[in-house]
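These notes are about the structure you will find just below.
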Amino acid sequence: MRVPADDARIALVDVDSGPAEQAIARAWKAYRPTEVATLRSRRDRPLRDGWSSIQSYTYESEEGPDRFLRAQLLQGGDTWIAVIIDMPATVMDRREPQVTRVLSSLRAKGYVPETLVGRKVQTFDAARIARLVQFVEDARVRLGIPGIGLGVVQDGEVKYAGGLGVRDVGGDLEVDASTRFLTASITKPLTSLMLAKLVDAGKLEWDAPAAKMLPSFRVGDAALTQRLQVRHMICACSGIPAHDMETAFSGDEMSPDDVLGVLAGIQPTARIGELYQYSNLMAVAGGYLGGHVAHAGLPLDQAYDRAMQELVFDPLGMAATTFDFDAAMQGNVASPHATTLDGETVVADMGLNRMSIVMRPDGGAWSNVDDLNRYLQMELAGGRLADGRRYIGTAALQERLKGQVARGGVEQWYGMGLKTDRRHGILQVTHGGSMPGYQTEMTWFPERNAGYVLLTNADAGVALRGVLVDRFRELLFDLDPQAEAALAAVPPRMEAERKQHRATLTVPLAAETLQALAPVYAHPVLGTIRVATEGSKTWFDAGGWRTQVASVASDSGVVLESITPGLAGFRFTASAVDDARTLVLDDGQRSYTFREEQHGVR
């Protein structure tokens with residue numbers, strides 16, 4: 001496949017039998033007869049789709065880090081298929097779901113995908129619940145997650161609501177079904193439900209022009225602004241790419257109008273419905289649109305909060321769910337946790353999470369297992385409450401499940417604030433959430449009337465999200481158990497990746513690296529970064545949060561990476577422009593240049 005404008009290529013190469021090393025070498029010779037790619041790393045991947053071996057190779061491009069160069073080698077019987085991915089890093093960042101879709105469509109010869117159509121559903125009785133809870137507890141211990149909230153709903157009943165572990169590492173306060181967590185992006189289904197309630201009440205239409213419903217809404221393309229409908233606000237299909245740095249750096253100081261102002265400057269990178277692009281800003285605007293329709297006389301944030309309270313939280317009995325960040329942090333609440341460079345689980349910095357205040361339609365709800373079980377009961381009951389009363393019409397509720405854009409895998413789609421999956425022949429609905437120190441997920445099978453809620457207070461919870469859905473499916477349909485083996489493989493892989501990453505970092509900074517930094521840098525939108533040294537530690541202070549930094553082994557000059565748990569992963573390249581020192585932050589789609597601030601002048 002070739003997209004000339006992007007210089008992006010995916011090559012599929014059939015290779016004769018032989019050792020893997022020979023197979024990948026032959027594939028490269030077929031793809032680039034006169035060039036040799038330099039291998040950076042290789043690792044085994046989990047088996048799928050009938051393949052007996054799957055290996056991933058990462059290479060160094062002659063064009064530097066701006067080029068993404070990777071291969072996947074799949075073995076089926078005596079033959080190999082090599083998939084070579086060669087494209088600009090910015091294109092890969094934008095088109096990763098399409099690349100994933102290509103990879104996931106490859107199946108070994110003779111492989112027949114498992115189907116759950118006609119498979120008998122098992123009841124989550126006490127014994128089956130005990131097996132599920134034990135799996136979650138094993139994962140909690142193996143992955144170093146301090147606390148977990150878990151809920152299971154089936155056939156209209158709450159089969160389980162409880163907690164495992166503790167709210168704070170090293171503490172003795174246990175997690176229970178009432179413990180609040182920052183839910184992150186599983187707020188999106190709640191926001192889309194609020195919009196659906198407005199549609200059901202005749203106050204809004206999914207196909208209504210968004211700019212007409214919210215006059216302050218626009219994107220960086222006037223024609224696209226006029227074409228965008230209400231459904232496009234929360235479909236990840238609008239053509240507007242991810243754009244999160246402004247809120248990451250200044251979200252604690254921004255208003256809803258500021259957020260809409262950022263959105264107004266973003267140019268589309270695809271046509272409507274062409275490309276899955278997860279835009280948090282669009283989801284936020286969608287939530288504020290709904291609030292404005294419900295309460296036009298109020299400021300956008302107040303209108304949204306009131307609409308959510310009246311249309312979602314109160315009717316569903318979600319009494320503990322709130323957008324009040326400071327109030328949520330009191331009482332029975334789980335603290336966020338992350339892992340240090342040396343593998344220790346510690347309480348994570350909360351500074352970055354405060355951006356969820358202004359971004360709350362996207363990911364700012366604080367909730368617990370009891371409340372989210374009530375939400376799940378309503379979804380599984382097709383819009384009815386636990387007492388049988390009709391809460392919302394089926395049409396408005398189900399419209400959210402219609403695929404608006406293809407996601408990464410075959411038969412995987414994004415609807416409106418919800419992800420759907422029919423790879424096993426039946427409908428699976430899900431949405432997860434990630435914020436520093438919190439990993440969450442809700443998954444349900446509408447056609448089989450069962451689902452679960454998962455809330456965790458550690459970044460490592462993302463690994464549990466990946467295997468819990470398989471274990472739940474195994475227990476629901478009495479499938480051969482494979483999730484436990486998959487879980488067992490996760491901790492050593494995570495530890496190997498941590499050590500590999502740690503080896504690329506230098507802490508503390510070398511004297512010459514530290515001397516190359518200016519005391520203060522400023523960006524016209526993202527604000528100021530102040531450089532401070534405390535003993536052997538060097539810190540970047542962005543105002544709302546501060547992080548220790550390490551230097552990264554790189555051929556691109558002086559590269560610094562944030563390493564404070566909860567703030568890790570930002571990378572800055574130190575350079576100079578017109579005799580002024582700079583820090584360049586790249587998010588995969590665009591670069592932000594912080595310039596040295598001299599004598600109070602930027």
Side-chain angles (χ1 to χ4, degrees), residues 63-66 89-90 93 242-254 258 261-262 265-266 338 340-341 348-355 358 436 501-602:
E63 299 178 31
D66 293 337
T90 54
D93 187 75
H243 198 110
D244 298 320
M245 284 302 173
E246 284 82 354
T247 52
F249 276 78
S250 304
D252 61 320
E253 300 176 344
M254 296 174 73
D258 293 331
V262 173
I266 302 177
T340 68
L341 289 181
D349 187 281
M350 277 292 288
L352 198 58
N353 283 332
R354 294 195 72 86
M355 77 172 183
V358 72
H501 179 235
R502 179 67 180 88
T504 67
L505 302 177
T506 299
V507 183
L509 300 187
E512 58 269 24
T513 300
L514 187 56
Q515 291 171 3
L517 299 177
V520 183
Y521 296 89
H523 184 275
V525 177
L526 302 191
T528 299
I529 292 177
R530 299 183 182 277
V531 181
T533 301
E534 298 173 2
S536 62
K537 298 179 179 180
T538 302
W539 297 82
F540 281 5
D541 189 334
W545 47 264
R546 69 194 297 262
T547 176
Q548 189 184 354
V549 293
S551 60
V552 183
S554 173
D555 296 329
S556 303
V558 178
V559 178
L560 303 164
E561 180 173 318
S562 61
I563 59 173
T564 294
L567 297 167
F570 291 104
R571 282 198 171 188
F572 302 84
T573 300
S575 186
V577 176
D578 298 330
D579 296 324
R581 286 175 288 188
T582 63
L583 288 176
V584 179
L585 174 65
D586 195 321
D587 71 353
Q589 287 294 305
R590 60 199 64 82
S591 293
Y592 301 83
T593 299
F594 292 78
R595 293 177 61 89
E596 177 180 3
E597 192 174 70
Q598 298 175 324
H599 308 297
V601 179
R602 297 183 181 182

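From a predicted model like this one, the values you see are computed outputs, not experimental measurements.
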>> According to salt bridge (charged side-chain N to carboxylate O under 4.0 Å, His left out), does anything in residues 503-515 pair up with another residue at least two apart or in another chain? List the pairs.
In response: none
> Under 3.5 Å, is there a donor-acceptor pair between the side chain of Ser250 and the main chain of Thr247?
Replying inline: no
Check residues 534-544 and write down every donor-acceptor pair under 3.5 Å in which the side-chain atom is one partner and the other belongs to a residue at least two apart or another chain.
residue : atom : partner : partner atom : Å
Glu534  : OE2  : Arg546  : NH2          : 2.7
Asp541  : OD1  : Gly543  : N            : 2.8

> What's the shortest heavy-atom distance between Ala518 and Glu596, and which atoms?
Replying inline: CB-CG, 3.5 Å
> Are the side chain of Ser562 and the backbone of Gly569 linked by a donor-acceptor contact shorter than 3.5 Å?
Replying inline: yes
> Atom CG of Leu585 and atom CD1 of Ile529: how far apart are they, to the nearest 0.5 Å?
Replying inline: 7.5 Å
> For the atom pair OG1 (Thr582) and NE2 (His523), what is the distance rounded to the nearest 0.5 Å?
Replying inline: 11.5 Å
> Under 3.5 Å, is there a donor-acceptor pair between the side chain of Asp587 and the main chain of Met245?
Replying inline: no
>> Could you check whether any side-chain heavy atom of Met355 comes within less than 4.5 Å of a side-chain heavy atom of Asp252, counting everything from C-beta outward?
In response: no
> If we only count heavy atoms from C-beta on, is the Leu505 to Leu341 side-chain gap below 4.5 Å?
Replying inline: yes
> Does Ala568 have any side-chain contact (heavy atoms from CB on, under 4.5 Å) partners at least two apart in sequence or in another chain, and if so, which?
Replying inline: none
>> Is there a side-chain contact (heavy atoms from CB on, under 4.5 Å) between Tyr521 and Val531? Walk through the geometry before answering.
In response: CA-CA 8 Å; Tyr521 296 89; Val531 181; 3.9 Å; yes
> Looking only at heavy atoms, what is the nearest atom pair of Arg581 and Pro519, with distance?
Replying inline: NH2-CD, 4.1 Å
>> Minimum heavy-atom separation for Val525 and Glu246, please, with both atom names.
In response: CG1-CG, 3.4 Å
> For Arg530, what residues pass the salt bridge (Lys or Arg N to Asp or Glu O under 4.0 Å) criterion, not counting sequence neighbours?
Replying inline: none
> Which residues satisfy the ring pair (Phe, Tyr, Trp, His ring centres under 6.0 Å) test with Phe570, sequence neighbours excluded?
Replying inline: Phe249, Trp545
>> If we ignore hydrogens and angles and just use 3.5 Å, is the side chain of Asp578 paired with the main-chain N or O of Ala580 as donor and acceptor?
In response: no
>> Can you give me the closest heavy-atom contact between Leu352 and Gly566, atom names plus distance?
In response: CD2-O, 4.2 Å
>> Within this structure, what is the CZ-CG distance for the pair Arg590 and Asp93, rounded to the nearest 0.5 Å?
In response: 8.5 Å
>> Using side-chain contact (heavy atoms from CB on, under 4.5 Å), reason through Thr340 and Ile563 one step at a time and then give a plain yes or no.
In response: CA-CA 8 Å; Thr340 68; Ile563 59 173; over 6 Å; no
> Can you tell me how far CG of Leu526 sits from CG of Leu583, rounded to the nearest 0.5 angstrom?
Replying inline: 11.5 Å
>> Nearest 0.5 Å, please: how far is CD in Gln515 from CG in Leu509?
In response: 11.5 Å
>> One pair to check against side-chain contact (heavy atoms from CB on, under 4.5 Å): Asp258 and Val358. What are the steps and the verdict?
In response: CA-CA 9 Å; Asp258 293 331; Val358 72; over 6 Å; no
> Which residue pairs pass the side chain to side chain donor-acceptor pair (under 3.5 Å) test when at least one of the two sits in residues 564-577, sequence neighbours left out?
Replying inline: Thr547-Thr564, Glu561-Arg571
> What do the steps show when you test Arg595 against Val577 for side-chain contact (heavy atoms from CB on, under 4.5 Å), and what is the final call?
Replying inline: CA-CA 8 Å; Arg595 293 177 61 89; Val577 176; 3.7 Å; yes
